[in-house]
Asker: 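Submitted below is the structure of interest, expressed as C-alpha cells.
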Amino acid sequence: KVSGIPTSGIFLLVGDTKVGKTTLAASFPNSIVVEMERGRADRLSNARVQEVNNLDEFGEAMELIMSEDSIKTEVIDSIDALATRMAEDIAKAAGIAFLGKVQKGVDNQALWGEFGVNVRATIDWWKTSNKLFILVAHRRPANIDREGVVTKPAGINVSGKGGDYIAQQAEMVGFMGLRVLGGKAQRYLTFRGESDRAIWRSGIKELNDQEVIISEQDPYGCFASLFKTQTVAPKTVLAPAVKKSGGKK
C-alpha cells in the first residue's frame, strides 16, 4: 500500500463505451492522449492528443513522450486497440488472418507466446518511467454459470493472458460506469469489486474500496477529492493553575 495522488505507475481504467473514461483520463494535469482507436481523436477537443495509425508510429510517439519532462501522465486510448494492433502485426507476419486461426505450418502457440512477450515488455517499460500511465480499457463481462457462480471474473478485452498480466501489474484498477438516479445520468468511478473475483481494486490506500461521482465540469477534481483529508483544529491546552498559599504566590 502507498498513499497520495499517484504520479507514476499504471492506472487501468475499465468501463463500457461512452461513459467518460477518456475524458476523465485526459483531464489529469500535464497529460497527453495517445489515440490508438481510428477516427476518435477529434472528440477530445480540449485535450492534448497524439494520434497514431500503426505500431511504428506508436513506438516513435512513445520515445518522444517518455523523454518529455513536461508530460506527466500518458493516456493510452485504448489498451484494447493497442493489443489488437500487436496481434494483427504478428498474424500478418505469419501469413494468417488473425491469431488463433488454424493453418497448416503455423504454430499458433508460439505466436500467442510472442504476443504475450510484446504485452509484458510494453507494460514493464512503462513501469520503469516516472510517469503515470492511464490505460483506458473496455470491460469484458464476467462469466457466470446457471448457479450464479462466477466462472471467470470481469476483465478487459485483451486476448490471451495479456489482459491478466496488465491487471496484475496495475497499481490501480478502477471501473467507470453510468447509472440513472432520479431521472438523471450519473457517471461514477469505483474501486469496489463487483464480486470476490472482480479485478477492481487499488494499491493506494485512499482509493481502496472507494467510489466517487465524476462530474463533466471537473473530472480530475472529483478523482482528486478522494485524497483530501479534513483538517482538524488543534485542541486548546490550558496552562495548569498556579497554587496560592497565604495570599502569596
Side-chain angles (χ1 to χ4, degrees), residues 2-15 19-86 118-138 156 158 162 165-167 169-174 176 187 189 191 202-204 206-207 212 214-228:
V2 295
S3 179
I5 295 180
T7 58
S8 62
I10 292 178
F11 178 10
L12 182 58
L13 181 56
V14 189
V19 296
K21 302 183 300 297
T22 305
T23 301
L24 168 61
S27 71
F28 275 59
N30 305 308
S31 64
I32 186 171
V33 178
V34 179
E35 188 55 70
M36 302 297 304
E37 299 190 356
R38 297 176 175 91
R40 299 277 288 171
D42 293 343
R43 76 193 194 281
L44 299 170
S45 57
N46 297 322
R48 188 176 179 183
V49 182
Q50 175 66 50
E51 188 173 16
V52 298
N53 297 303
N54 52 59
L55 290 184
D56 288 337
E57 290 184 10
F58 174 75
E60 293 171 1
M62 282 291 99
E63 291 286 356
L64 292 173
I65 292 170
M66 292 281 271
S67 62
E68 178 54 58
D69 292 337
S70 67
I71 298 174
K72 305 300 182 184
T73 299
E74 299 184 34
V75 181
I76 307 298
D77 185 28
S78 64
I79 192 65
D80 318 36
L82 174 58
T84 297
R85 299 273 183 96
M86 290 179 175
N118 288 353
V119 171
R120 291 193 297 272
T122 302
I123 296 298
D124 294 349
W125 181 38
W126 290 341
K127 286 177 72 71
T128 62
S129 77
N130 60 352
K131 300 179 187 293
L132 175 65
F133 279 81
I134 304 180
L135 311 184
V136 176
H138 294 92
I156 61 176
V158 174
Y165 185 80
I166 293 169
Q169 295 300 310
E171 284 77 12
M172 300 170 283
V173 184
M176 191 165 180
R187 289 176 169 81
L189 174 66
F191 295 91
S202 175
I204 298 175
E206 289 92 342
L207 299 180
V212 66
I214 303 295
S215 71
E216 293 183 8
Q217 295 75 24
D218 186 15
Y220 176 75
C222 297
F223 172 81
S225 68
L226 292 170
F227 297 87
K228 294 179 180 178

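Along the sequence shown, residues are numbered consecutively beginning with 1. On a predicted model such as this, the values are computed, not experimentally measured, just so you know.
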Asker: Tell me, please, which residues at least two apart from Glu74 pass salt bridge (Lys or Arg N to Asp or Glu O under 4.0 Å).
Answerer: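 Partners of Glu74 by the salt bridge (Lys or Arg N to Asp or Glu O under 4.0 Å) criterion come out as none, since no residue qualifies.
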
Asker: CZ/Arg85 to CD/Glu57 distance, rounded to the nearest 0.5 angstrom?
Answerer: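 Going from the CZ atom of Arg85 to the CD atom of Glu57 covers 8.5 Å.
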
Asker: Side chains of Lys127 and Ile10, heavy atoms from C-beta outward: is any pair under 4.5 Å?
Answerer: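 Of all side-chain heavy-atom pairs linking Ile10 with Lys127, at least one is under 4.5 Å.
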
Asker: Give the C-alpha distance, both sets of side-chain angles, the deciding distance and a yes or no for side chain to side chain contact (heavy atoms under 4.5 Å, CB included) between Trp126 and Gln169.
Answerer: CA-CA 11 Å; Trp126 290 341; Gln169 295 300 310; over 6 Å; no

Asker: Which pairs pass salt bridge (Lys or Arg N to Asp or Glu O under 4.0 Å) with one or both residues in residues 216-227, sequence neighbours excluded?
Answerer: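 Only Arg187-Glu216 qualify under salt bridge (Lys or Arg N to Asp or Glu O under 4.0 Å).
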
Asker: Going through the checks in order, is the side chain to side chain contact (heavy atoms under 4.5 Å, CB included) test met by Ile76 and Val34?
Answerer: CA-CA 5 Å; Ile76 307 298; Val34 179; 4.1 Å; yes

Asker: Could you tell me which non-hydrogen atom of Pro219 sits nearest to which non-hydrogen atom of Leu24, and how far apart they are?
Answerer: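 Closest approach of Pro219 to Leu24: O-CD1, 3.6 Å.
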
Asker: Got a second to check how far Glu171's CD is from Leu12's CG, nearest 0.5 Å?
Answerer: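 Here the rounded value is 11.0 Å.
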
Asker: Tell me the closest heavy-atom pair linking Phe227 and Pro6, and the distance in Å.
Answerer: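 In this case the closest contact between Phe227 and Pro6 is CZ-CD, 3.8 Å.
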
Asker: Is the shortest side-chain heavy-atom distance between Ile71 and Arg48 below 4.5 Å?
Answerer: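 Yes, at least one pair of side-chain atoms sits under 4.5 Å.
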
Asker: Measure the CG-CE distance between Asp80 and Met36 for me, rounded to the nearest 0.5 Å.
Answerer: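 The distance works out to 11.0 Å.
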
Asker: Taking ring pair (Phe, Tyr, Trp, His ring centres under 6.0 Å) as the cut-off, I'd like each qualifying pair that reaches into residues 19-64, sequence neighbours left out, listed once.
Answerer: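 Non-adjacent pairs meeting ring pair (Phe, Tyr, Trp, His ring centres under 6.0 Å): Phe28-Tyr220, Phe28-Phe223.
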
Asker: Check whether any side-chain heavy atom of Gln50 lies under 4.5 Å from a side-chain heavy atom of Leu64, and answer yes or no.
Answerer: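 Gln50 does not reach Leu64 side chain to side chain.
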
Asker: Roughly how far, to the nearest 0.5 Å, is CG of Leu135 from CD1 of Ile156?
Answerer: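 These two atoms lie 8.0 Å from each other.
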
Asker: Between atom OG1 of Thr128 and atom CD1 of Ile123, what is the distance when rounded to the nearest 0.5 Å?
Answerer: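 It comes to 11.5 Å.
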
Asker: Do Leu55 and Leu82 come close enough that some side-chain heavy atom pair is under 4.5 Å?
Answerer: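 Leu55 reaches Leu82 side chain to side chain.
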
Asker: How far apart are the C-alpha atoms of Asp77 and Val49, what are their side-chain angles, what is the distance that settles it, and do they pass the side chain to side chain contact (heavy atoms under 4.5 Å, CB included) test?
Answerer: CA-CA 10 Å; Asp77 185 28; Val49 182; over 6 Å; no

Asker: Show the nearest heavy-atom pair for residues Ser202 and Met172, with the distance to one decimal.
Answerer: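 Answer, listing the atom of Ser202 first, then Met172: OG-CG, 3.7 Å.
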
Asker: Considering all heavy atoms of both residues, which atom of Glu206 and which atom of Val2 are nearest to each other, and what is their separation?
Answerer: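 Taking every non-hydrogen atom into account, OE1-O, 4.2 Å.
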
Asker: Excluding sequence neighbours, so at least two apart, what forms salt bridge (Lys or Arg N to Asp or Glu O under 4.0 Å) with Glu51?
Answerer: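 Glu51 satisfies salt bridge (Lys or Arg N to Asp or Glu O under 4.0 Å) with no residue once adjacent residues are dropped.
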
Asker: Please report the closest heavy-atom contact between Ala26 and Val33, naming both atoms and the distance.
Answerer: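 Reported closest heavy-atom pair: CB-CG2, 3.7 Å.
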
Asker: Among all residues two or more places apart in sequence or in another chain, which pass the side-chain contact (heavy atoms from CB on, under 4.5 Å) test with Ser129?
Answerer: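 Scan of Ser129 (side-chain contact (heavy atoms from CB on, under 4.5 Å), adjacent residues dropped) gives Met66, Lys131, Phe133.
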
Asker: Determine, stepwise, if the pair Tyr165 / Asp124 fulfils side chain to side chain contact (heavy atoms under 4.5 Å, CB included).
Answerer: CA-CA 10 Å; Tyr165 185 80; Asp124 294 349; 2.7 Å; yes

Asker: Give a yes or no answer on whether the side chain of Ser31 reaches the backbone of Thr73 with a donor-acceptor pair at less than 3.5 Å.
Answerer: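 Between the backbone of Thr73 and the side chain of Ser31 there is no qualifying donor-acceptor contact (under 3.5 Å).
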
Asker: How many angstroms lie between CD1 in Ile32 and OG in Ser70, if you round to the nearest 0.5 Å?
Answerer: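 Nearest 0.5 Å value for the CD1-OG distance: 8.5 Å.
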
Asker: Between Ala137 and Lys21, which heavy-atom pair has the shortest distance, and what is it?
Answerer: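 Closest heavy-atom pair between Ala137 and Lys21: O-CE, 3.5 Å.
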
Asker: Sequence neighbours left out, what passes salt bridge (Lys or Arg N to Asp or Glu O under 4.0 Å) with Glu60? Give chain and number order.
Answerer: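 Per chain and number, Glu60 pairs via salt bridge (Lys or Arg N to Asp or Glu O under 4.0 Å) with no residue.
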
